[in-house]
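Below is one structure; the comments refer to it alone.
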Amino acid sequence: MTAPYLGNPKRTIEVLQKYEFVFQKKFGQNFLIDTHVLDKIINAAEITKEDFVLEIGPGIGTMTQYLACAAREVYAVEIDKALIPILEDTLQDYDNVTVLNEDILKVDIRKLAEEHNQGKPIKVVANLPYYITTPIIMGLFEEHVPIESITVMVQKEVADRMQVGPGTKDYGALSLAVQYYAEPYIVANVPPNCFMPRPKVGSAVIRLTRHKEASVKTVDEKLMFRLIRASFNQRRKTLVNSLKNSPELSFSKEEIQAAIAACGFSEGVRGEALTLADFAALTNELKK
């Protein structure tokens, strides 16, 4: 198999000029041009020759070449049809890669895992556009598709939010949602000069290793996440008022106060002080 040859500014510019490619702002396109970062992503994802890998947003195929050399099979989903002829060119020497021109949010990933990996958990690797990071990651988790790990490049601020705990300014609904499903670990911080074009903000590679079982037990997962969202929609308000004012919830103020008291929290507690286990306990009280 051909060794990866993309991943530096010179070769990337050559490919873009050959196809007269125009960056689409609506797709949040920033292509990696640093081989050290690419190596870090592949190592962090722990790709082996046994693995079926789903890549989201392959761009011109830079990381895809690295994945193809490390994995048994790679399925690359690219939404921008202008990139498909480029990918056909840059990936022509890699016979274990399939490119699909589709929106990842519309792809049946469970079916992919069944057809290409005997239904066993797959590994997801991506350099995600910042505007759609959260919907993609939460979609992968909430649909309970068989995933072993997600190793992604995201905006640094988003990576920080995924791994922090209660009482910090970055702690919020995303932190709790990610930590419910997975163990987050920031692999590397990546400066803007590692991309073409340069983004305005720093990035980070984060690995989310799926828990084999949910990290807390709750009788109603959907209700727990409604409580979490309501708690952080109005951060300055007390938990009682945040939950009482939420259009997603139908509990009376008295029911909420009673559940909070039963959990041993103070009446003036705010959502940002609660751990994931606290939200699970509150959910279970409100369901009684």
Side-chain angles (χ1 to χ4, degrees), residues 4 6-7 28 30-59 61-78 94 96-98 104-105 107 109 112-113 116-117 120-130 132-164 174-175 177-191 194-195 199 202-212 215:
L6 291 171
N30 301 94
F31 300 153
L32 256 175
I33 51 168
D34 188 306
T35 55
H36 298 296
V37 176
L38 286 157
D39 286 333
K40 281 182 181 174
I41 294 170
I42 302 301
N43 290 337
E46 297 179 354
I47 306 297
T48 74
K49 285 294 180 190
E50 304 294 309
D51 289 321
F52 173 78
V53 178
L54 172 65
E55 185 189 8
I56 303 167
T62 303
M63 188 154 64
T64 323
Q65 291 186 347
Y66 282 72
L67 289 168
C69 289
R72 170 174 56 81
E73 186 179 359
V74 180
Y75 213 91
V77 180
E78 176 55 60
Y94 301 89
N96 61 340
V97 177
T98 304
I104 189 62
L105 298 175
V107 174
I109 299 168
L112 273 185
H116 297 266
N117 210 43
K120 299 197 299 284
I122 65 174
K123 292 177 180 175
V124 176
V125 181
N127 174 17
L128 288 179
Y130 297 152
I132 201 168
T133 296
T134 302
I136 287 176
I137 289 175
M138 293 320 302
L140 290 168
F141 283 141
E142 287 170 356
E143 293 300 315
H144 294 284
V145 293
I147 286 171
E148 184 178 326
S149 64
I150 304 174
T151 306
V152 288
M153 176 85 70
V154 296
Q155 191 172 336
K156 184 179 184 312
E157 179 188 316
V158 175
D160 290 339
R161 288 213 307 268
M162 287 183 193
Q163 67 155 16
V164 293
L174 181 63
S175 322
V178 165
Q179 290 166 34
Y180 176 71
Y181 292 110
E183 178 74 35
Y185 167 68
I186 292 182
V187 175
N189 292 320
V190 184
C194 293
F195 298 91
S203 304
V205 178
I206 189 165
R207 177 184 161 124
L208 309 173
T209 306
R210 183 80 184 244
H211 295 309
K212 289 194 167 45
S215 53

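All values derive from a computational prediction rather than experimental measurement.
- With sequence neighbours excluded, the residues that form a side chain to side chain contact (heavy atoms under 4.5 Å, CB included) with T35 are Y66.
- The two residues F195 and N30 make their nearest non-hydrogen contact at CD2-O, 3.7 Å.
- Surrounding NE2 of H144 are more than 12 heavy atoms belonging to other residues, nucleotides or ligands, all under 6.0 Å away.
- Atom CE of M138 is separated from atom CD1 of I136 by 12.5 Å, given to the nearest 0.5 angstrom.
- The shortest side-chain heavy-atom distance between I132 and L105 falls under the 4.5 Å cut-off.
- Put simply, the residue from T134, T133, I137 that forms a side chain to side chain contact (heavy atoms under 4.5 Å, CB included) with L174 is T134.
- Closest approach of H211 and Y180 over heavy atoms only: CD2-O, 3.3 Å.
- For the side chain to side chain donor-acceptor pair (under 3.5 Å) test, no residue two or more places apart in sequence or in another chain qualifies with K40.
- For the pair I41/V187, no side-chain contact is recorded, criterion being any heavy-atom separation below 4.5 Å from C-beta on.
- Residues passing the side chain to side chain contact (heavy atoms under 4.5 Å, CB included) test with P184, sequence neighbours excluded: Q163, V178, Q179, I206, L208.
- Using a distance-only test at 3.5 Å, with no hydrogens or angles considered, a donor-acceptor pair links the side chain of S175 to the main chain of R161.
- Looking only at distances, no side-chain donor or acceptor of N189 sits under 3.5 Å from a matching main-chain atom of G202.
- The shortest heavy-atom contact between V152 and I150 is CG1-CG2, 3.5 Å.
- Summarising the geometry, atom CG belonging to L6 is positioned 9.5 Å from atom CG belonging to L38; distances are rounded to the nearest 0.5 Å.
- Side-chain atoms of E148 never come within 3.5 Å of backbone atoms of R210 as a donor-acceptor pair (strictly under, hydrogens ignored).
- With sequence neighbours excluded, the residues forming a side chain to side chain contact (heavy atoms under 4.5 Å, CB included) with P191 are N193, C194, listed by chain and number.
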Kindly list each side-chain donor-acceptor pair under 3.5 angstrom involving residues 43-58, sequence neighbours excluded, with atom names and distances?
unit_1 : atom_1 : unit_2 : atom_2 : d
N43    : ND2    : D39    : O      : 3.2
T48    : OG1    : E50    : N      : 3.1
T48    : OG1    : D51    : OD2    : 3.2
K49    : NZ     : C69    : O      : 2.7
D51    : OD2    : T48    : N      : 2.7
D51    : OD2    : K123   : NZ     : 2.9
E55    : OE1    : T64    : OG1    : 2.6

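- The CG atom of N127 sits 9.0 Å away from the CZ atom of F31 when rounded to the nearest 0.5 Å.
- Applying the side chain to side chain contact (heavy atoms under 4.5 Å, CB included) test to Q155 and every residue at least two apart in sequence or in another chain returns Y130, E157, V158, V201.
- Using a 4.5 Å heavy-atom threshold, the side chains of V125 and I42 count as separate.
- Two residues are said to be in side-chain contact when any heavy atoms from C-beta on lie closer than 4.5 Å; I122 and I109 meet this criterion.
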